[in-house]
Asker: 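Dumping the structure here so I can ask a few things about it.
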Amino acid sequence: MPASSSAAASHRRQARLRREYLYRKSLSTKESSDYEAKRRIRDALSQGKSLPTELRASYDRLKQDIDHEDTKHEANTSHVDDEYGDAGWSDPRVCVTTSRSPSSRLKQFAKEVKLLVPNSTRINRGSQRVDELVEDCKTSDFTDLVVVQETRGEPDGLIVCHLPLGPTAYFTLNGAVLRHDLDGGAAPMSEAYPHVILNQFNSELGKRVGNILKCLFPIPKADTRRVVTFSNDADHISFRHHVYSKEGNTEDKVTLYEVGPRFEMRLYQIKLGTLEMKDAENEYVLRPYMNTASKNKAL
């Protein structure tokens with residue numbers, strides 16, 4: 001009975017969080033217009049100019065809001081801030097699993113992803129449905145769910161689902177090289193929290209994808225010598241994992257050792273919801289007409 005009541009309380013909590021998130025998201029359009037009006041009022045007051053005619057009727061209400069705002073709340077916010085609003089307060093807990101009936105190569109790839117991401121736990125998928133899998137992760141207080149997929153024994157898909165509200169990012173994988181397949185062998189796997197390098201994620205969508213990826217990793221110590229790199233080139237993301245050592249006391253002589261695994265990724269969808277929500281709104285979808293060279297710069 002205690003376990004049943006605990007599960008029911010968890011279900012009620014998740015439903016309440018989801019309702020609150022959807023309500024705040026529905027207010028984003030109105031908040032954006034209010035933010036722009038308050039910005040124009042601030043500019044007019046600071047420059048000693050008269051108020052715009054269309055803002056005079058709402059000046060008293062907006063001026064009262066401006067007087068009560070601090071530096072944190074004067075900036076415009078969105079549903080993105082609600083999804084990752086608590087990032088950094090505690091270390092993420094990541095669940096790593098596979099698609100059903102995985103091959104031995106996919107199992108090995110999932111093991112290496114588990115070693116790659118600190119504080120992660122790998123579970124056997126078994127016959128669990130997607131909704132059951134997501135519900136178990138929410139009940140166990142995981143912050144993210146990572147699912148690796150395959151075709152004919154070759155890893156070709158990666159799903160990153162942030163819990164409990166989303167978003168869910170879908171990536172294709174290609175050129176996956178496991179640790180034992182690296183030329184010259186792989187360096188020993190460090191358990192230190194790694195530095196995360198995000199290269200060429202310059203657009204708003206790129207910053208969004210970079211935020212989804214970096215929030216899988218906890219905040220590292222300044223002197224850690226483990227580095228993971230996500231490098232974007234024409235919307236193709238190259239992933240590399242290294243440790244480094246310094247020769248002597250000089251900082252310009254650094255030797256890199258590849259730890260692995262390595263792979264290439266490409267984003268093809270972001271959903272504003274968790275993995276089991278089939279009717280969730282799409283934030284981004286890769287379309288066939290976006291494959292031309294001149295349009296390959298969404299990130």
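Residue numbers run from 1 in the order of the sequence given.
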Asker: Thr121 vs Cys95, test: side chain to side chain contact (heavy atoms under 4.5 Å, CB included). Steps then yes/no.
Answerer: CA-CA 5 Å; Thr121 303; Cys95 177; 5.6 Å; no
Asker: Which atoms form the tightest heavy-atom contact between Leu216 and Pro92, and what is the distance?
Answerer: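 Nearest pair, atom of Leu216 first, then Pro92: O-CG, 3.6 Å.
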Asker: Give the minimum heavy-atom separation between Tyr257 and Ala187, together with the two atoms involved.
Answerer: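 For Tyr257 versus Ala187, the nearest heavy atoms are CB-CB, 3.8 Å.
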Asker: Please check if the side chain of His242 supplies one atom and the backbone of Val228 the other of a donor-acceptor pair under 3.5 Å.
Answerer: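 Such a contact is absent between His242 side chain and Val228 backbone.
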Asker: Could you note down all residue pairs passing salt bridge (Lys or Arg N to Asp or Glu O under 4.0 Å) where residues 105-118 supplies at least one of them, sequence neighbours left out?
Answerer: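 Listed by first then second residue: Arg105-Glu154, Arg105-Asp181.
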Asker: Would you give the length of the straight line joining atom CZ of Arg208 to atom CD of Glu283, rounded to the nearest 0.5 angstrom?
Answerer: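 If I round to the nearest 0.5 Å, the distance is 4.0 Å.
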Asker: Any Lys/Arg nitrogen of Asp131 or Arg129 sitting under 4.0 Å from an Asp/Glu carboxylate oxygen of the other?
Answerer: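 So Asp131 pairs with Arg129 through a salt bridge.
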Asker: Using 0.5 Å steps for rounding, measure from the CZ atom of Arg100 to the OG1 atom of Thr98.
Answerer: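 The distance works out to 11.0 Å.
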Asker: Mark yes when over 12 heavy atoms from residues, nucleotides or ligands other than Glu191 sit less than 6.0 Å from its CD; otherwise mark no.
Answerer: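 Atom CD in Glu191 is not packed in, count stays at 12 or less.
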Asker: List for me each residue that meets side chain to side chain donor-acceptor pair (under 3.5 Å) alongside Ser190, sequence neighbours excluded, and say none if there are none.
Answerer: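 Testing Ser190 for side chain to side chain donor-acceptor pair (under 3.5 Å), a comparison that skips the adjacent residues, returns none.
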Asker: Which heavy atom of Met265 sits nearest a heavy atom of Leu158, and at what distance?
Answerer: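 Met265 and Leu158 have their closest heavy atoms at CE-CD2, 3.8 Å.
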Asker: Measure from the side-chain N and O atoms of Glu276 to the backbone N and O of Val134, and report whether any donor-acceptor pair falls under 3.5 Å.
Answerer: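 It does not hold such a pair.
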Asker: With sequence neighbours excluded, tell me which residues meet salt bridge (charged side-chain N to carboxylate O under 4.0 Å, His left out) with Arg122.
Answerer: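 Residues passing salt bridge (charged side-chain N to carboxylate O under 4.0 Å, His left out) with Arg122: none at all.
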Asker: Decide whether Tyr284 and Leu173 are clustered together by the hydrophobic rule: side chain heavy atoms of Ile, Leu, Val, Met, Phe, Trp, Tyr closer than 4.5 Å, transitively.
Answerer: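 The answer is yes; both residues are in one hydrophobic cluster.
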Asker: Does Leu115 share a hydrophobic cluster with Phe239, counting links as ILVMFWY side-chain heavy atoms below 4.5 Å and allowing steps through other members?
Answerer: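 Per the 4.5 Å side-chain linkage, Leu115 and Phe239 are not co-clustered.
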Asker: Under 6.0 Å from the CD1 atom of Ile219, do we count more than 12 heavy atoms belonging to anything else shown?
Answerer: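 Atom CD1 in Ile219 is not crowded, with 12 or fewer foreign heavy atoms closer than 6.0 Å.
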Asker: With rounding to the nearest 0.5 angstrom, report the CD1 to CD1 distance, Ile212 to Ile270.
Answerer: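 With rounding to 0.5 Å, CD1 (Ile212) is 4.5 Å from CD1 (Ile270).
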Asker: Using modelled atom types only, decide if a donor and an acceptor are shared between the side chain of Thr168 and the backbone of Cys161 within a distance under 3.5 Å.
Answerer: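 Checked: no pair found.
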Asker: According to a hydrophobic-cluster definition based on side-chain heavy atoms being under 4.5 Å apart (Ile, Leu, Val, Met, Phe, Trp, Tyr only), do Phe230 and Val177 belong together?
Answerer: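 Shared cluster, no.
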Asker: Hey, does the side chain of Ser231 reach the backbone of Ser238 with a donor-acceptor pair shorter than 3.5 angstrom?
Answerer: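 Flag not set: sc Ser231 to bb Ser238 has no pair under 3.5 Å.
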Asker: Tell me whether the count of non-hydrogen atoms from other residues, nucleotides or ligands lying under 6.0 Å of CG in Asp183 goes above 12.
Answerer: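 Open.
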Asker: Can you find a heavy atom in the side chain of Asp235 that is under 4.5 Å from one in the side chain of Leu286?
Answerer: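 Contact flag for Asp235/Leu286 side chains = no.
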Asker: For the CG atom of Leu163 and the CG atom of Asp144, what is their distance to the nearest 0.5 Å?
Answerer: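 The CG atom of Leu163 sits 6.5 Å away from the CG atom of Asp144.
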Asker: Return each pair, listed once, that meets ring pair (Phe, Tyr, Trp, His ring centres under 6.0 Å) where at least one residue sits in residues 124-146; pairs must be two or more places apart or across chains.
Answerer: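 Applying ring pair (Phe, Tyr, Trp, His ring centres under 6.0 Å) to every pair that reaches into residues 124-146, excluding sequence neighbours, yields nothing.
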Asker: When you look at Thr274 and Lys138, which way does the side chain to side chain contact (heavy atoms under 4.5 Å, CB included) test go after all the steps?
Answerer: CA-CA 11 Å; Thr274 49; Lys138 289 180 179 180; 4.1 Å; yes
Asker: Looking at Gly260, is its backbone amide N or carbonyl O close enough to the side chain of His241 to form a donor-acceptor pair, meaning the two atoms are under 3.5 Å apart?
Answerer: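 Yes, His241 side chain to Gly260 backbone: donor-acceptor pair under 3.5 Å.
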Asker: Give a yes or no on whether the backbone of Cys137 and the side-chain of Ser140 come within a donor-acceptor separation of less than 3.5 Å.
Answerer: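 It does not hold such a pair.
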Asker: Can you name the side chain to side chain contact (heavy atoms under 4.5 Å, CB included) partners of Pro118, sequence neighbours left out?
Answerer: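 If we apply the side chain to side chain contact (heavy atoms under 4.5 Å, CB included) test to Pro118, skipping adjacent residues, the hits are Tyr193, Pro194, Phe217, Pro218, Arg226.
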Asker: Are any of the side-chain heavy atoms of Glu150 and Ser103 separated by less than 4.5 Å?
Answerer: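 Of all side-chain heavy-atom pairs linking Ser103 with Glu150, at least one is under 4.5 Å.
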Asker: When rounded to the nearest 0.5 angstrom, what is the spacing between OH in Tyr244 and OG1 in Thr224?
Answerer: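 One finds 7.0 Å between OH of Tyr244 and OG1 of Thr224.
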Asker: Given side chain to side chain contact (heavy atoms under 4.5 Å, CB included), test Phe201 with Lys207 step by step and report yes or no.
Answerer: CA-CA 6 Å; Phe201 291 85; Lys207 294 175 183 177; 5.7 Å; no
Asker: Could you name each residue pair satisfying ring pair (Phe, Tyr, Trp, His ring centres under 6.0 Å) that touches residues 91-132, not counting sequence neighbours?
Answerer: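 Listed by first then second residue: Phe109-Phe263.
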Asker: Locate the shortest heavy-atom distance separating Asn119 from Asp91; write the atom from each residue and the value.
Answerer: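 Minimum heavy-atom separation between Asn119 and Asp91: ND2-CB, 3.4 Å.
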Asker: Considering all heavy atoms of both residues, which atom of Ala110 and which atom of Val148 are nearest to each other, and what is their separation?
Answerer: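 Answer, listing the atom of Ala110 first, then Val148: CB-CG2, 4.0 Å.
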Asker: In terms of hydrophobic clusters joined by side-chain contacts under 4.5 Å, are Ile159 and Met277 together?
Answerer: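 Ile159 and Met277: separate clusters.
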Asker: Taking Val285 as the starting point, is it possible to reach Val209 by hopping between hydrophobic residues whose side chains are less than 4.5 Å apart?
Answerer: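 They do not share one cluster, since no chain of ILVMFWY contacts under 4.5 Å joins Val209 to Val285.
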Asker: I'd like to know if the side chain of Arg240 reaches the main chain of Arg262, judged simply by a donor and an acceptor atom lying under 3.5 Å from each other, with no hydrogens or angles considered.
Answerer: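 No: the side chain of Arg240 does not pair with the backbone of Arg262.
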Asker: For side-chain hydrogen bond (donor to acceptor under 3.5 Å, both in side chains), just list the numbers for Gln200 and Asp233, CA-CA rounded to whole Å, side-chain angles, deciding distance to a tenth of an Å, and then say yes or no.
Answerer: CA-CA 7 Å; Gln200 297 296 326; Asp233 183 15; over 6 Å; no
Asker: Identify the two heavy atoms, one from Leu267 and one from Ala169, that lie closest to each other, and give their separation to 0.1 Å.
Answerer: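 Closest approach of Leu267 to Ala169: CD1-CB, 4.2 Å.
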Asker: How far does CD of Gln149 sit from CG of Leu106, to the nearest 0.5 angstrom?
Answerer: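 Between atom CD of Gln149 and atom CG of Leu106 there are 9.0 Å.
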Asker: Applying side chain to side chain contact (heavy atoms under 4.5 Å, CB included), run through Leu133 and Arg125 and close with a yes or a no.
Answerer: CA-CA 8 Å; Leu133 179 64; Arg125 174 71 179 272; 4.2 Å; yes
